[in-house]
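Working notes for the structure below.
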Amino acid sequence: MKTKKSYSLKSNSARASFWTIINFVVSQLLRFFSNLILTRLLLPELFGLMAIVTVVRVGVYMCSEIGLKVNIIRHENGESPDVLNTAWTIQVIRGVILWGVISFIGWLLFFLTDKGMIPPDSIYSDSRLPSLLAVTGVVAFITGFESTRIWLAQRNMMLGRLSLLDLFSQFVGLVVMIVWAWVYKDVWALVVGTIVSAFLKTVLSHFVLVGSSNYFYWDKKIVNEFLHFGKWLSISAMVTFVGLNGDRMILGGVISAEQLGFYTVAYFLATSMKDLLESLTFNVWYPLLSKVNREEREKVVNIYYGIRQKLDIAIFFIVGLLYVTAPLIIEILYDDRYQSAGWMLQILAITIIGSGFRLGSTLLLSMGNPKIGTYAITLRTVVLLCMIPSGYNYYGIEGAIWAIAVNPLFEMPIILWFFSKYKIISWFKEIKYIPISAVGYFSGVIFLDTYNYMKEIF
């Protein structure tokens with residue numbers, strides 16, 4: 001017989017899942033339609049340039065990650081004012097430092113280019129890049145002041161207002177991007193829109209969410225506790241940054257800005273599914289698994305595999321379907337300038353497979369094992385840094401993109417090894433839905449044949 005606690009947990013999880021999916025779907029639709037508009041207003045090379053700016057900003061952010069949000073979600077005293085405000089103070093200080101670091105990287109690129117140390121045909125030598133970095137860096141400063149009410153909402157899986165806040169700030173930022181691009185037709189549209197969105201979310205987080213106001217506070221014991229738990233997350237974040245963004249860092253040095261723009265479009269579409277899974281992981285499944293591990297530890301593995309089995313059905317079907325239909329998707333959605341993104345999207349569909357297996361890192365993290373995720377992403381990163389240059393040298397850009405596509409699969413051996421070590425693995429449940437990819441593939445073939453037949457008739 002189910003207890004009230006079990007019903008409450010299931011209800012909270014279902015509500016959080018609903019809001020996470022609503023947030024993701026609407027957010028992706030906003031991004032998708034704005035992307036369609038912006039790709040018609042701006043040149044492909046501008047998206048390639050902005051991809052490098054984003055990689056640098058996200059890289060600096062991730063390399064300084066100490067897991068403040070993760071700590072608040074899992075901490076037994078995560079709702080204590082002392083804990084929350086100590087974390088908020090650290091976050092504000094970190095935001096100021098990050099803005100300075102990003103600006104310094106922009107100056108360094110300018111200096112190296114001026115001294116002839118960066119090839120003139122590289123995207124890294126673009127004269128707009130230093131100023132773009134310096135201005136975009138203000139986003140890190142602004143988000144440093146976000147209210148800890150955001151973390152509390154995620155901890156308690158109360159995501160309704162938070163989702164509406166995210167969507168509203170994103171919508172306003174995208175409107176600013178489109179209007180700016182319409183008027184000026186330059187890359188600053190992407191920068192200004194991002195800043196406006198970050199500013200609006202930060203301000204509203206202090207007024208529309210439930211919780212107490214933040215103030216500067218410093219408790220040395222709490223700081224040390226954060227740093228002790230966060231050291232593995234910090235290392236993991238640094239390696240994760242390279243693992244997730246090394247593709248654009250390396251490609252930016254060997255291909256043109258226009259080609260990088262094509263890749264950015266394909267990557268955006270290929271990672272939409274991954275973005276949904278990551279959103280569900282951090283907003284629903286990690287808080288859920290952490291709560292179960294605290295209160296009903298014996299059930300945590302069964303709940304994990306219950307999530308995984310539903311996840312695998314969707315993942316393998318979508319991978320098979322997208323592999324076939326990717327060129328058609330690009331043909332329908334984008335103009336002739338972006339058609340090269342079609343074959344790139346087809347290959348990048350493979351990356352989605354790794355998302356299901358990465359949920360295993362989340363389970364181990366909820367059980368108090370942050371270092372295992374570090375091991376997994378480290379292996380993946382080392383392989384990525386070796387495979388992309390090798391793939392490019394032997395097979396050109398296609399070889400490099402295949403290296404990127406299969407890279408997420410290299411986390412699997414580490415996760416499965418630790419599952420086996422802790423005796424929580426079910427080998428059958430790990431692999432039984434792989435054949436669903438064939439169903440997706442042949443569904444794509446049927447759809448493509450039907451589309452071509454209807455096109456000939458009409």
Side-chain angles (χ1 to χ4, degrees), residues 13-14 16-18 20-25 27-28 31-32 240 243-244 247 266-286 288-289 301-326 328-329 344-366 373 376-377 380 384 401-416 419 424-448:
S13 175
S17 297
F18 168 79
T20 298
I21 292 172
I22 290 296
N23 189 355
F24 176 82
V25 171
S27 176
Q28 289 300 107
R31 289 180 63 195
F32 174 69
T240 299
L244 298 182
D247 53 349
Y267 185 82
F268 161 69
L269 294 174
T271 55
S272 294
M273 178 66 175
K274 290 172 62 179
D275 290 343
L276 171 59
L277 299 182
E278 289 180 8
S279 183
L280 285 168
T281 296
F282 288 106
N283 291 322
V284 182
W285 297 328
Y286 174 63
L288 172 63
L289 293 172
V301 175
N302 287 335
I303 289 177
Y304 164 76
Y305 272 117
I307 297 170
R308 263 293 303 279
Q309 291 182 68
K310 297 180 182 67
L311 198 57
D312 284 353
I313 292 173
I315 285 175
F316 286 113
F317 180 82
I318 289 172
V319 169
L321 181 68
L322 188 57
Y323 187 81
V324 178
T325 60
L328 177 62
I329 291 173
M344 296 183 183
L345 175 60
Q346 186 175 33
I347 297 172
L348 290 172
I350 306 297
T351 63
I352 302 173
I353 295 176
S355 300
F357 292 97
R358 288 200 71 193
L359 186 63
S361 294
T362 303
L363 171 62
L364 295 168
L365 178 62
S366 71
I377 194 64
R380 174 179 163 183
L384 180 74
I401 292 179
W402 268 108
I404 294 166
V406 302
N407 181 257
L409 304 181
F410 285 91
E411 287 189 48
M412 291 164 44
I414 299 290
I415 302 300
L416 295 179
F419 269 30
I424 59 175
I425 194 167
S426 170
W427 289 105
F428 178 66
K429 291 178 180 178
E430 291 288 340
I431 64 173
K432 71 176 183 178
Y433 290 112
I434 293 178
I436 295 292
S437 58
V439 178
Y441 180 88
F442 287 111
S443 297
V445 171
I446 294 171
F447 175 81
L448 206 58

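All heavy atoms count here, side chains included; hydrogens, waters and symmetry mates do not.
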In terms of heavy-atom contacts, Ile404 and Pro408 come closest through O-CD, 3.5 Å
Are the side chains of Leu322 and Ile329 in touch, meaning some heavy atoms are under 4.5 Å apart?
yes
Determine whether a donor-acceptor pair (N or O, by modelled atom type, separation under 3.5 Å) exists between the side chain of Tyr305 and the backbone of Lys429. no
Nearest heavy-atom contact between Met344 and Ala266 is CB-CB, 3.7 Å
Decide yes or no for Ile307 and Ile303: does some side-chain heavy atom of the first lie under 4.5 Å from some side-chain heavy atom of the second? yes
The reported gap from CD1 in Ile315 to CD1 in Ile434 (rounded to nearest 0.5 angstrom) is 11.5 Å
ring-ring contact (aromatic ring centres under 6.0 Å, His included) filter on Phe419, not counting sequence neighbours, yields Tyr304
Here the gap from Tyr433 atom OH to Phe317 atom CZ, rounded to the nearest 0.5 Å, amounts to 15.0 Å
Note: Leu321 and Thr325 closest approach over all heavy atoms is O-OG1, 2.9 Å
Indicate yes or no: at least one non-hydrogen side-chain atom of Trp402 is less than 4.5 angstrom from one of Ile350. yes
Correct closest heavy-atom pair for Leu348 and Ala270 would be CB-CB, 3.7 Å
Here the gap from Ile313 atom CD1 to Ile318 atom CD1, rounded to the nearest 0.5 Å, amounts to 11.5 Å
So Leu416 and Trp427, do their side chains get closer than 4.5 Å, heavy atoms only? yes
Does any part of the side chain of Ser361, heavy atoms only, come nearer than 4.5 Å to the side chain of Ile415, both counted from C-beta? yes
- Item | Phe442 CZ: over 12 foreign heavy atoms closer than 6.0 Å | no
Minimal heavy-atom distance between Leu345 and Ala326, with the atoms involved, is CG-CB, 3.6 Å
### Task
State, with a plain yes or no, whether a side-chain heavy atom of Tyr323 is found less than 4.5 Å away from one of Ser437.
no
Rounded to the nearest 0.5 angstrom, the CD-CD1 distance for Gln346 and Ile401 is 11.5 Å
- Query: Are any of the side-chain heavy atoms of Asn407 and Asp247 separated by less than 4.5 Å?
  - Reply: no
Q) Is it true that atom CZ of Phe316 has more than 12 heavy atoms of other residues, nucleotides or ligands lying nearer than 6.0 Å? A) yes
| said: Any heavy-atom pair between the side chains of Lys432 and Gln309 that's under 4.5 Å? | reply: yes
Here the gap from Leu448 atom CG to Ser443 atom OG, rounded to the nearest 0.5 Å, amounts to 12.5 Å
Distance col, row Ile424:CD1 vs Leu364:CG, nearest 0.5 angstrom, shows 5.5 Å
